[in-house]
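Residue numbers run from 1 in the order of the sequence given.
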Amino acid sequence: MASTERTRQEVSPAATAAEADAAPARQEYRKNSPLSRPNPFWGIVAWVVGLLFAVPALWMVLTSFHSEVDAATNPPSLFAPLTLDGYRSFFSNANAWPSLINSATASVVSTVVVLVLAIPAAYALSIRPIKKWSDVLFFLLSTRFLPIVAAVLPLYLFAIWSGAIDQIGLLIILYTAMNLPIAVWMMRSFLAEVPVEMLEAAQLDGAGLIRTLRSVVAPVAMPGIAATALICFIFSWQELLLARSLTAVVAGTAPVFLTSFVTSQGLFLAQVSAAATIVSLPVLIAGFAAQDKLVQGLSLGAVK
């Protein structure tokens, strides 16, 4: 053991010097490597793909400022006069604000509950792994195998039996169950990147589980928590099938409200475009507000 330690002490300075000499060569190679040179072609491709995804949303916003006559023309009129009639119709609708409040309540509360449940579960599956943790992860993932449409009828019968039909609390429970497996899988990959030394230091200082999660794990994994929260919020905000099947007047959400513009008289295209633009704003605002943490969280652990 002593000879091994002496060998390490003798070899280490030489290895350090060799590595220091090789560092400039590696940097020069990376600088002159073809992979590091900018390629205008791929930049143009990236912009084209980005514009293809943005054009439908931009067209929806433009249509929301047209009148119903101009919005219904075929081919669409790009330079038609602009008007705010679609937005006036939205804000004058008595069901607009209740549906937005219901969506915000169900999305925010279910996201908070998901994080409260997912972070300790991910901690037990990554930092302090339990027995057969891989089976637990597979079980969580298997709950997403069943198409949601196959569960609508049993959920509807249960809601009728329990008296929870058209109640916002039922949507909160269902959205929590829907997003929890995804959140646990995401948070596990994020928490796996937390340095073990920090956890050991907290344990030596006498910190319990709650304090460790709050003071050590949460600050390090905050980008991952933000990314998980945003994805769960988006999934809950845009969910339509469960809300359409299990709500009516009291607990109707914003996506359900959008379907009310499809009537027997036809589709009010300008009005539905204005309503869809307003309904999309909370998700866009949340995405831009958490943009930095979202990118950090989604890229966390991608490169070791």
Side-chain angles (χ1 to χ4, degrees), residues 101-144 168-239 281-304:
I101 294 174
N102 289 335
S103 287
T105 302
S107 301
V108 173
V109 175
S110 64
T111 300
V112 172
V113 175
V114 165
L115 292 179
V116 171
L117 297 177
I119 293 177
Y123 181 88
L125 293 172
S126 58
I127 299 176
R128 295 287 187 268
I130 61 176
K131 293 182 179 180
K132 297 184 178 181
W133 58 270
S134 59
D135 295 338
V136 176
L137 285 175
F138 177 77
F139 172 76
L140 288 172
L141 187 62
S142 65
T143 60
R144 302 287 298 176
I168 197 66
L170 178 62
L171 290 182
I172 293 175
I173 296 174
L174 294 178
Y175 290 170
T176 301
M178 176 182 68
N179 293 325
L180 187 58
I182 301 174
V184 172
W185 270 81
M186 292 183 62
M187 288 306 306
R188 181 186 176 275
S189 62
F190 297 144
L191 296 187
E193 301 297 323
V194 177
V196 181
E197 294 77 8
M198 297 180 62
L199 302 174
E200 293 176 348
Q203 187 176 6
L204 291 176
D205 291 340
L209 175 60
I210 302 300
R211 184 179 177 185
T212 300
L213 292 175
R214 184 180 67 251
S215 304
V216 178
V217 176
V220 177
M222 186 55 66
I225 296 175
T228 304
L230 181 59
I231 289 177
C232 292
F233 176 81
I234 293 174
F235 285 172
S236 300
W237 183 270
Q238 68 182 12
E239 198 282 324
L281 286 179
V283 175
L284 295 176
I285 294 173
F288 280 113
Q291 183 178 7
D292 296 338
K293 292 187 180 298
L294 179 63
V295 174
Q296 295 176 17
L298 293 179
S299 62
L300 187 63
V303 180
K304 297 278 185 181

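Looking at S107, its side chain never comes within 3.5 Å of a backbone N or O of A104 through a donor-acceptor pair. Under a 3.5 Å cut-off, the side chain of R211 and the backbone N or O of V216 do not form any donor-acceptor pair.
To the nearest 0.5 Å, the span separating CE on M187 from OG on S126 amounts to 8.5 Å. Interatomic distance, L140 CG to S142 OG, rounded to the nearest 0.5 Å: 7.5 Å. Rounding to the nearest 0.5 Å places CG of L174 at 10.5 Å from OG of S236.
With hydrogens and angles left out, the side-chain atoms of N179 and T111 include no donor and acceptor closer than 3.5 Å.
Contact record, Y123 with L191: N-CD1, 3.5 Å, taken as the closest heavy-atom pair. A pairwise comparison of heavy atoms in V283 and W237 identifies CG2-CD1, 3.6 Å as the closest pair. Shortest non-hydrogen contact noted between Y175 and E239 is OH-OE1, 2.8 Å. Residues L115 and A229 come closest through the heavy atom pair CD1-CB, 3.7 Å.
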- Query: Run the side chain to side chain contact (heavy atoms under 4.5 Å, CB included) check on I182 and R144 step by step: do they pass?
  - Reply: CA-CA 9 Å; I182 301 174; R144 302 287 298 176; 3.9 Å; yes
- Message: Go through it in stages, so that I can follow the logic: the residues are L137 and R188, the test is side chain to side chain contact (heavy atoms under 4.5 Å, CB included), and I'd like the CA-CA distance, side-chain angles, deciding distance and then a yes or no.
- Response: CA-CA 10 Å; L137 285 175; R188 181 186 176 275; 3.5 Å; yes
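Residues passing the side chain to side chain contact (heavy atoms under 4.5 Å, CB included) test with L180 are V114, L117, A118, V184, sequence neighbours excluded.
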